[in-house]
Peer 1: 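Provided herewith is a single structure, encoded as structure tokens, for subsequent inquiry.
Lettering of chains follows the sequences in order, A, B, ..., and the numbering in each one begins at 1. Just so it is clear, the structure is predicted and the values come from calculations on it, not from any experiment.
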2 protein chains.
Amino acid sequence: MPTKKKPQVTATPERRRELLGTAAEVFAEQGYNATTVRKIADHAGMLAGSLYYHFDSKESMLEEILRTFLDELWDGYDTVLDAELGPRETLEALVTESFREIDRHRAAVAIYQKESRHLAVQERFAFLAESQRKFEKAWLSTLERGVAAEVFRDDLDIRLTYRFVRDTVWVAASWYRPGGQHSPEEIARQYLSMVLDGIAVRT
Amino acid sequence: MPTKKKPQVTATPERRRELLGTAAEVFAEQGYNATTVRKIADHAGMLAGSLYYHFDSKESMLEEILRTFLDELWDGYDTVLDAELGPRETLEALVTESFREIDRHRAAVAIYQKESRHLAVQERFAFLAESQRKFEKAWLSTLERGVAAEVFRDDLDIRLTYRFVRDTVWVAASWYRPGGQHSPEEIARQYLSMVLDGIAVRT
DNA sequence: CCTTCCCTAACAAGTGTTTGGTAGGTTAGC
DNA sequence: GCTAACCTACCAAACACTTGTTAGGGAAGG
């Protein structure tokens, strides 16, 4: 008789998502490699081996966390991009959407930020590299449209600008805590104000 | 007879710095926890155990890398701060100095960025937390002076601005490669232009 | 002969993972 | 309505392997 099939994906997704949530928080706080399966189990109130009833490896937990996050992220991004707004409005919408995602998936974003660089080379995490390319394309084309339409400055290196905007947004995940004094929309507003108009007084 | 004293700090610092350099690069690329002592030894062309002739633990390598970096960083920062420039000039000098440090210690900066958060709680790495406090104080007071002198906008949350400026600068270490097409000074110039004046066309 | 620098070989602790078992609830048979 | 079979979700204990680290030795040069 072959081994009994484990639930893995088919079972009630409820407990699964719960466990992925605690795993994501531990990963985000301690780093993926520094996080042992036993620590995750501790936080979940169970023993290490029991996790393997729900998932078939530590790595697959990481993959599912990142996949879920990126899927939802691109749902939001594609909605914005398909709306075909002006360049400035697109940038504003993308930034705002990003902060909403940070609000919803702060742990996943933190993990993504810390680990994506050395994960992306692995075949299993190729979707990270692909996402990064889509990301770059979306932002760069928006910036280029803006320069062409003369709403963004043309005296800046556009790739430097891209990295600047991209980083300013996502690094926020490292200090942002949901339920703080600023809502995601408020943070987005202030960030956009700084990125677009600068912090210097206009003379 | 007690164990023979190992060189550790007293020996010729030449080979030591060489090894710390390669260790830093591996740490930066793979992450500290994901980096095994054997990998470092590989990159250095020796065996794992041999590293312990020069250092007494993997952690002490990390500590020395970060300490060396922060010491040099604060050398530069203190020079700037002691010059008692105006707020805008101070900010410009600090940013420029930061990019020079990224140029010189890119690996250490990358490590610092990834690991400092969960390292700082350890007693051994208390100097990280202390440095972060000094850091915050220096930047915040500069920004406050600027607001008071009406060279920086007063309609922004100053702590948000602080994190914004701080992050945009240091994240650059994750993509910066020395010997690229932009010098540290040129990158600093463009970053400052964006941070101070924004990327939108002035109307 | 001593020092410097590295190698060989091993150690103990911790790692992700597997296997077999089991308490407790749900369903099916009569 | 009772019992037997079953499923879900976990535990207990172990596995093979990797980890950081140590002890002893040896080659090369002064």
Peer 1: Which atom pairs, one a donor and one an acceptor, fall under 3.5 Å between side chains of residues 86-94 of chain A and the rest of the protein, sequence neighbours left out?
Peer 2:
unit_1 : atom_1 : unit_2 : atom_2 : d
A:R88  : NE     : A:E92  : OE2    : 3.2
A:T90  : OG1    : A:L85  : O      : 3.3
A:T90  : OG1    : A:G86  : O      : 2.8
A:T90  : OG1    : A:R145 : NH2    : 3.2

Peer 1: Tell me the interatomic distance from B:Y53, atom OH, to C:dC6, atom C1', rounded to whole angstroms.
Peer 2: 9 Å
Peer 1: Of the listed nucleotides (C:dT4, D:dG20, D:dT8), which one gets closest to any side-chain atom of B:K58?
Peer 2: D:dG20
Peer 1: From C:dT17, D:dG20, C:dC5, pick the nucleotide closest to the side chain of B:Y52?
Peer 2: D:dG20
Peer 1: What residues, two or more places apart in sequence or in another chain, satisfy ring-ring contact (aromatic ring centres under 6.0 Å, His included) together with B:W74?
Peer 2: B:Y77
Peer 1: Taking only residues two or more places apart in sequence, or in another chain, which ones meet A:E130 in a salt bridge (Lys or Arg N to Asp or Glu O under 4.0 Å)?
Peer 2: none
Peer 1: Write out a two-atom table: protein N or O, nucleotide N or O from nucleotides 7-9 of chain C, distance below 3.5 Å.
Peer 2:
unit_1 : atom_1 : unit_2 : atom_2 : d
C:dC7  : OP2    : B:L47  : N      : 2.7
C:dC7  : OP2    : B:S50  : OG     : 2.7

Peer 1: Taking only side-chain nitrogens and oxygens of A:H54, does any of them come within less than 4.0 Å of OP1 or OP2 of D:dC10?
Peer 2: yes
Peer 1: Do the rings of A:W170 and A:F135 sit parallel, tilted or perpendicular, given the 30° and 60° boundaries?
Peer 2: tilted
Peer 1: If only side-chain N and O atoms of B:R15 are considered, is one of them under 4.0 Å from the OP1 or OP2 phosphate oxygen of C:dT4?
Peer 2: no
Peer 1: Can a donor-acceptor pair be found, under 3.5 Å and without considering hydrogens, that links the side chain of A:T35 to the backbone of A:G31?
Peer 2: yes
Peer 1: Which pairs of donor and acceptor atoms, one on a side chain in residues 22-30 of chain A, lie under 3.5 Å apart (sequence neighbours left out)?
Peer 2:
unit_1 : atom_1 : unit_2 : atom_2 : d
A:T22  : OG1    : A:L19  : O      : 3.0
A:Q30  : OE1    : A:K39  : NZ     : 3.3

Peer 1: Between A:L51 (CG) and C:dT18 (P), how many Å, whole number?
Peer 2: 13 Å
Peer 1: Write down the distance between CD (A:Q30) and C1' (C:dG14), rounded to a whole number of angstrom.
Peer 2: 15 Å
Peer 1: For residues 186-199 of chain A, run the donor-acceptor check on the side chains, cut-off 3.5 Å, and write out each pair with its distance to 0.1 Å, sequence neighbours left out.
Peer 2:
unit_1 : atom_1 : unit_2 : atom_2 : d
A:E186 : OE1    : A:R189 : NE     : 3.3
A:E186 : OE2    : A:Q190 : NE2    : 3.3
A:Q190 : OE1    : B:D157 : N      : 3.0
A:S193 : OG     : B:R153 : NH1    : 3.2
A:S193 : OG     : B:R153 : NH2    : 2.6
A:D197 : OD1    : A:R202 : NH2    : 3.3

Peer 1: Whole angstroms only, please: what is the CZ-P distance between B:F55 and D:dT22?
Peer 2: 15 Å
Peer 1: Strictly by side chain to side chain donor-acceptor pair (under 3.5 Å), give each pair with a member in residues 113-123 of chain B just once, sequence neighbours left out.
Peer 2: B:E115-B:H118
Peer 1: By the salt bridge (charged side-chain N to carboxylate O under 4.0 Å, His left out) test, which pairs, at least two apart or in different chains, include something from residues 131-140 of chain B?
Peer 2: B:E136-B:R159
Peer 1: Listed in order of residue number, which residues of residues 32-42 of chain B have a non-hydrogen atom at under 4.0 Å from DNA chain D?
Peer 2: B:T35, B:T36, B:V37, B:R38
